Amino acid sequence: MTFGSAASLSRRALLLLGLAAVAMPGGLPARAEAPLSVVATTGMIADAARRIGGDAVEVRALMGPGVDPHAYRQTRTDIAAMVRADLVLWHGLYLEAQMEEFLRKLGERKPTVAVAEGLPRELLIAHVDYPDKFDPHVWMDPRLWSKVVEKVRDTLATERPERAEAFAANTAVYLAELEALAGYSDTVFGSVPESARVLVTAHDAFSYFGRAHGFEVLGIQGISTQSEAGLQRVAELVDILVDRKIAAVFVESSVSDRSVRALVEGAAARGHDVAIGGELFSDAMGQEGTYEGTYPGMIDHNATTISRALGGDAPERGMAGRLAAGS
Ligand SMILES: [Zn+2]
């Protein structure tokens, strides 16, 4: 609280200086208010904050492409950025397991909001390993993620109430884009033969995806990448691949592909050819500055890649022709 009022005091001081400059003949032009400086843990949260905040915010994501949030621990640079920021947005639901203690402490000193924590419990999937926890991978269902996007909008509006109207308008545009993506996903997954609606990946990041689109999802590792992939689990999955003639399995950009390759080899040894259906963005988005490096691009890429590899019908370049060729 003291930090908040100190910040608004200095904002007022800046505003007065600005007014003084305008009043002075030949003075400096009035400066617009400095953008709200926001640090977000994951790229998905940062994407929402950027789209909603526009030029009223300056957003930095701590976890870039290929980074595993379950294992990520804050660096010195991250700590400095979070201490300096006006607002810190994190996911919660025990996604940032290694950062949680730091983030909770930081929350005693400055606005620090876990944007997925407030989701209604009845919409969450229970964590298989911890009965008192939930599966954190809610961004895998764009309609569920929309509720988190609204939380980001409300949080930004609390910090910059004078920009609330613009934030609401930007959010409406972004949410319409997410709804279009969800509709595209429904269509392309609907074209996958029912018996082929099985998604085998490196870790259990796709339960919300499976629930939204009627896919059975099987991960080699559990919900967190921190659990060991057992040989027994690999053998079980090889049996399933062979028995059900599953055509493709998928690697993830933020998890080692070693265990997925073990599945392919195991199935081949039993005379069943399984393809690597492509690389999915599970817990991190694609390269910064590309379409795949945005949340809509991430979802478009996954929907397009999965449906094409499992016998469905989807345009090679995705919903709006924006996916990189051969991605
Ligand atoms: Zn994960």
Side-chain angles (χ1 to χ4, degrees), residues 40-48 61-74 89-101 103 114-117 119 123-142 144-145 147-148 185 198-213 215-230 233-234 237 249-263 276-286 292-295 297-299 301-303 305-306:
T41 53
T42 71
M44 293 74 86
I45 298 171
D47 194 63
L62 298 184
M63 303 179 196
V67 173
D68 174 358
H70 305 285
Y72 191 80
R73 193 179 285 278
Q74 66 277 1
L89 300 175
W90 57 296
H91 185 84
L93 298 177
Y94 210 53
L95 177 71
E96 303 98 331
Q98 312 298 319
M99 293 181 69
E100 177 133 352
E101 200 184 330
L103 288 163
V115 289
E117 287 276 343
L119 283 171
L123 297 180
L124 297 177
I125 295 175
H127 197 300
V128 281
D129 302 324
Y130 307 96
D132 58 329
K133 290 192 164 63
F134 297 96
D135 182 335
H137 302 90
V138 292
W139 58 88
M140 286 297 176
D141 172 0
L144 184 56
W145 186 244
K147 297 186 188 306
V148 176
S185 303
V198 184
L199 183 72
V200 182
T201 58
H203 91 296
D204 276 330
F206 292 86
S207 295
Y208 292 97
F209 161 87
R211 184 177 73 180
H213 300 294
F215 272 62
E216 189 179 343
V217 294
L218 303 164
I220 305 169
Q221 277 176 295
I223 285 177
S224 169
T225 54
Q226 302 299 85
S227 60
E228 227 3 80
R233 179 66 178 155
V234 170
L237 287 173
V249 294
F250 299 86
V251 296
E252 299 173 35
S253 66
S254 54
V255 185
S256 154
D257 64 0
R258 208 161 39 116
S259 57
V260 175
R261 296 198 180 277
L263 285 187
I276 301 265
E279 182 184 73
L280 303 181
F281 299 119
S282 54
D283 290 2
M285 308 188 308
E292 288 82 351
T294 66
Y295 174 74
M298 167 193 204
I299 297 297
H301 167 89
N302 286 352
T305 304
I306 293 168

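Side-chain atoms are counted along with the backbone in the values below, which use heavy atoms only and exclude waters and symmetry mates. Keep in mind that what you see is a predicted model, and the values were worked out from it rather than measured. Counting convention: from 1, in listed order, for ligands and their atoms alike.
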T41: side chain to side chain donor-acceptor pair (under 3.5 Å) partners, not counting sequence neighbours: E96
Protein N, O or S within less than 2.8 Å of the Zn ion (ligand 1), waters excluded: H70 NE2, H137 NE2, H203 NE2, D283 OD2
Y208 side chain to D135 backbone, donor-acceptor under 3.5 Å: yes
Between H203 and H137, ring centroids under 6.0 Å: yes
Stepwise side-chain contact (heavy atoms from CB on, under 4.5 Å) test for L263 and I220: CA-CA 9 Å; L263 285 187; I220 305 169; 3.6 Å; yes
Aromatic ring pairing W139/W145, orientation class (parallel under 30°, perpendicular over 60°, tilted between): perpendicular
Stepwise ring pair (Phe, Tyr, Trp, His ring centres under 6.0 Å) test for F215 and F206: CA-CA 9 Å; F215 272 62; F206 292 86; 10.0 Å; no
